[in-house]
Structure formats: C-alpha cells, structure tokens
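Some notes on the structure that comes next.
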Amino acid sequence: MLDIKLIREQPDYVKTKIAQTGADPGDIDRVLEADARRRRLQHELDEMRARRTRESKELGKATPEERDRKRAEMRQLGEQISAGERDLAALEEENTRLLLMLPNLPRDWVPVGKDDSENRIVRTEGVEREFTFEPKPHWELGERLGIIDFERGVKLSGTRFHFLVGMGARLERALIAWMLDLKTQEQGYLEFAPPLMVNTATVIGSAHLPKFEDTMYRDKEEDFWFVPTAEVPLTNLYAREILEAERLPIYMTAYTPCFRREKMSAGRDVRGIKRGHQFDKVEMVKVVHPATSDEELDKLVENACEVCRRLKIPFRVVQMCTGDLGFSAAGKYDVEMYAPGVREWLEVSSCSNCWDFQARRAQIRFREKGGKPEFVHTLNGSGLGLPRTLIAVLENYQNDDGSITVPEVLRPYMGGVERITRA
RNA sequence: GGAGAGGUGGCCGAGUGGUCGAAGGCACCAGAUUGCUAAUCUGGCGUACUGGGCAACCGGUACCGAGGGUUCGAAUCCCUCCCUCUCCGCCA
C-alpha cells in the first residue's frame with residue numbers, strides 16, 4: 001500500500017512512477033478525490049461528536065424542564081452522527097479498496113522498461129557444460145529412471161501433477177535439507193515451519209489480495225487461503241506489531257509447499273515439472289530497517305546465488321525493469337539456472353525489495369528508542385524453488401546412459417549415494 | 001462438537017451508564033539526590049486519523065477482542081461473532 005500522504009503531497013511524482021509500471025496513473029486522481037471526500041466528512045463528523053460529548057455532559061446537570069427539550073435536540077444530533085458514521089465507513093472502504101489495488105512504486109535505480117523484454121542481465125556465473133551427447137529434458141530422464149511419475153499424478157489429480165518416486169523424492173528432500181542448513185547455519189536465517197492455511201487479513205498483508213484472488217486456492221467457509229508461497233506467513237509474522245529497532249534486521253526462512261491456481265498460465269509450460277499447482281520451495285524473508293533495504297536486497301540475491309554456485313550449475317542474475325516488477329516489488333532481481341535439456345534459463349529465485357509496501361498493509365512497524373513508530377521494509381526471495389532446481393540438477397548432471405550424478409554437496413544428504421540409476 | 005470461565009494500555013491489574021484514554025503497580029525514559037552499584041524522589045511514558053504551529057509542540061476525534069444494538073451519553077447494559085483457559089466428547 002502506498003502512503004496516502006505521499007500521494008497527496010507529490011501526486012505528479014507518484015503518477016510518473018505508477019505509469020512506469022504500466023498501471024493507470026488515472027487511479028491516482030480517483031484516490032485523491034476519494035481521500036478529499038473522506039477527510040471532509042471526517043472533519044464534520046469530529047465536530048458533531050465533540051458537540052455531542054460537550055452537551056451531553058451538560059445535560060446531566062440541566063434542570064428537568066430544559067432536559068426534555070435538550071434531549072430531543074440531542075437525539076437528532078445523534079441520528080446525524082450515525083448517518084455520518086455510515087457514510088464515513090463507506091468512504092473509508094472505498095478509499096482502502098482503491099489504495100489496495102495500487103501497485104508499488106519502482107525505486108529510482110530500477111531501469112525503465114515496458115515488459116520482460118527490457119529486463120537486464122546483470123551477470124552470468126559458471127560455464128555451461130559441454131555435452132558429448134544430446135542432453136535430454138528432465139521429463140525423459142525422470143521417467144526412464146522411474147523417479148518421476150507423471151501419468152499417475154494426472155490419474156490422481158489431473159494435469160500438472162506428478163509423483164516424485166524413490167531417489168527422485170529423496171533428491172528433492174536432500175535439496176531442501178541442504179538449502180535450509182545453508183540458510184540457517186551460514187547465512188543467518190531463522191527457520192520456521194509456518195501455517196500453510198492463513199486468513200484473509202494475512203493475504204492482504206502480503207499484497208496477494210485483493211488483486212490476485214483468482215490465483216489462489218481457498219476454503220471460503222472457514223476463511224482459509226492456501227499459501228501460494230511461504231512469503232505470506234513469514235512476512236506477516238510481525239503484523240500489527242511494533243518492534244524495537246535493535247531487533248532488526250530479521251532473517252527468516254522456511255520450506256513449504258506452495259499452492260497456485262496458475263489460471264493465467266493455462267497452456268504454458270505444460271510439459272515436465274516446471275509449473276504445477278503445487279510445488280515445494282525454500283523461501284527467505286527479511287524484515288529490515290528502511291535505511292538498509294537496498295543493500296539487504298543485494299545480500300538476498302547473493303544468498304540465492306550461493307545455492308546455484310555450490311550446486312555448480314551455471315546461473316545468471318536478471319534485473320527486472322519497471323514494467324516487470326510485479327505488484328509489490330520496488331526493485332527485483334531474478335536468479336536463473338541454465339537447464340541444458342530444455343535449453344532454457346529457469347527462474348529459480350525471484351528476490352524483491354517490497355519497501356514499506358507490505359509493511360503498511362500488515363502494519364509492521366519498528367521504533368527507535370524514544371522515537372515514533374515507523375514502517376519496516378520487507379524483502380523476500382526464493383532460496384530456491386524446488387521443481388526448477390531439480391530440473392537443473394537432473395539436466396546438468398545427466399550422463400550418457402541416462403543416470404544422474406548426485407552433486408557433491410548433496411551426497412551427505414543422500415546417504416552417500418553418488419549416482420542415481422534405474423532402479 | 002458440548003459445558004463453564006474470561007478477553008482492559010509493553011506486562012500485571014482496578015473500573016458496571018456521564019467527572020475514564022481509562023486508578024494502582026511493574027517495566028521503561030528524563031531529571032534530582034545519595035558515593036557505593038542499587039535505592040529514593042519528581043516528572044514523562046499508547047496508537048491512528050485530523051486541524052494549527054507547518055520543528056521539539058498544542059487542540060479535536062476515534063480506539064478497553066471484533067461487529068451490531070439500546071441511550072442525550074457505554075470500557076460499563078443487550079445481541080452476534082472471534083479468540084484464550086478448564087472439563088467432557090471426537091479424531092490424525
């Protein structure tokens with residue numbers, strides 16, 4: 001959520017920035033108009049209420065004759081106030097609705113561009129492996145090894161579902177455990193196992209609602225939303241709290257399944273395990289002091305890169321332009337691993353600095369000693385997404401006989417297994 | 001799911017229709033004092049919106065789990081919901 005005061009004071013700046021994201025700057029005028037009406041009414045209402053309080057107190061001491069006359073008058077005032085309160089509530093709702101639909105503003109250092117074609121490759125690391133044979137896509141490798149079962153996934157759940165089997169399941173579990181150990185033991189993150197179903201307020205807090213309602217699964221009767229990412233519960237951990245400044249920065253990590261409808265992506269990436277309705281992910285979330293969030297973003301990206309580096313898989317860092325930031329990021333970098341089987345750079349991590357955008361929605365604040373509460377900045381990034389990391393591992397580590405060499409760092413997590421072969 | 005108890009400021013805890021944004025205590029901050037390491041005294045100490053000074057401030061309004069209702073007026077009475085605790089039932 002944007003700061004309404006910023007919109008009031010610098011509407012032209014905000015419009016310029018909004019336009020850079022591809023959103024409609026006309027929304028700003030609608031917000032301003034609604035805000036002006038709300039303030040006007042609030043002021044009138046405040047004055048009526050002040051009068052009621054004042055005169056009600058006097059009424060208690062009035063003479064009996066006066067009392068009846070005054071009481072009728074006050075009753076009328078009370079009705080006016082009630083009507084005003086109803087109108088105000090409606091205006092506030094309208095106001096909030098408009099504000100919740102506005103995207104975050106890009107930072108000034110974000111390159112201006114209209115869509116993903118104008119993103120910038122910041123750097124590339126590692127060398128692409130040279131194959132003496134034609135590298136196969138992971139779905140072929142997985143099926144032949146019997147470690148991915150697509151048919152039965154479809155049988156049980158439908159398209160975009162699969163089973164990991166035997167060493168396939170174990171390989172994913174090894175990746176998760178290894179990543180979490182890296183996060184918690186070397187990169188300073190505290191591990192969580194959060195709720196996977198959360199209420200509406202929580203999803204509004206992370207800015208996945210109200211705009212992306214149709215991308216999530218929910219239980220309407222119970223007011224539960226299935227988390228589309230651990231970012232939702234982790235970012236909201238300190239919702240409606242005021243933290244002491246010394247506690248910042250806070251680094252959190254969690255492995256969770258993620259649930260997404262993927263309605264918008266129907267027909268895209270249908271082959272293999274790249275995009276499903278359910279997938280596993282190790283997520284990183286930071287709650288930081290506003291003065292440090294830009295450098296914290298760099299460190300976050302680096303934390304994601306380190307996973308690729310240790311797996312010895314080539315990767316690159318891509319900076320999103322203003323038109324490809326998404327709804328809540330003020331600045332964003334993707335980390336992409338190269339997968340030789342599908343001949344594609346796969347987005348395995350997306351690291352965002354959300355600035356105070358989520359903090360305002362979730363009301364996450366901090367206070368310097370003796371100071372006023374201020375909003376924190378929140379960041380999030382995958383560390384990494386499992387299906388795509390698994391794809392990259394399978395495809396980069398495949399051998400000409402269709403077996404998979406287990407990356408060295410994972411072997412301690414695989415009971416020492418060095419090679420996955422057909423069972 | 002059933003029965004009972006309860007939800008007040010960072011914490012503990014008063015308050016049952018007006019003088020309560022809310023006693024008192026603890027914690028915390030500032031100052032004073034004592035020279036013996038901690039105690040004493042004084043003062044301050046919620047959040048949001050809003051008006052003015054457009055800064056350290058001053059005023060208005062709202063908030064005592066949430067939402068409705070009664071009333072001239074509600075933390076205080078009524079209704080609904082949520083949550084916590086205890087007991088029972090059920091179940092991974």
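Proteins get letters first, then strands, A, B, ... in listed order; numbering begins at 1 in each.
- Here, G31(B) and G13(B) have their C1' atoms 29 Å apart, quoted to the whole Å.
- Residue-to-nucleotide proximity on RNA chain B shows that, of L45(A) and D35(A), the 5′-proximal contact is made by D35(A).
- When the nucleotides G60(B), G46(B), C49(B) are ranked by their closest atom to the side chain of Q42(A), C49(B) comes out on top.
- A side-chain contact (heavy atoms from CB on, under 4.5 Å) with M1(A) holds for exactly one of L99(A), L102(A), N104(A); it is L99(A).
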With a cut-off of 3.5 Å and sequence neighbours excluded, list every side-chain donor-acceptor pair involving residues 165-180 of chain A.
none

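- Taking atom C1' on both C20(B) and A92(B), the two are 49 Å apart, rounded to the nearest angstrom.
- Residue A50(A) places its side chain closer to U61(B) than to any other of U61(B), G51(B), A48(B).
- If you find the closest nucleotide of RNA chain B to R8(A) and to R52(A), the one lying nearer the 5' end belongs to R8(A).
- At G73(B), none of the side-chain N or O atoms of R54(A) fall inside 4.0 Å of OP1 or OP2 (strictly under the cut-off).
- Looking at the side chain of P373(A), the nearest of the listed nucleotides A48(B), G60(B), U50(B) is A48(B).
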Which nucleotides of RNA chain B pair, in dot-bracket form (Watson-Crick or G-U under 3.5 Å, | meaning another strand): ((((((((.[[[..)..(.....]]].(((((.......))))).(((((((....))))))).[[[[[..)....]]]]])))))))....
What string of B, S and - do you get for nucleotides 77-85 of chain B, 5' to 3', if B is base contact, S is sugar-phosphate-only contact and - is no contact with any protein heavy atom under 4.0 Å? ---------
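- Checked against U61(B), U47(B), C72(B), the side chain of M74(A) finds its nearest nucleotide in C72(B).
- Between R49(A) and U61(B) there is no side-chain polar atom (N or O) within less than 4.0 angstrom of OP1 or OP2.
- Candidate nucleotides C49(B), G51(B), G73(B) were compared by shortest atom distance to the side chain of R39(A), and G51(B) ranks first.
- Residue R38(A) places its side chain closer to C49(B) than to any other of U47(B), U61(B), C49(B).
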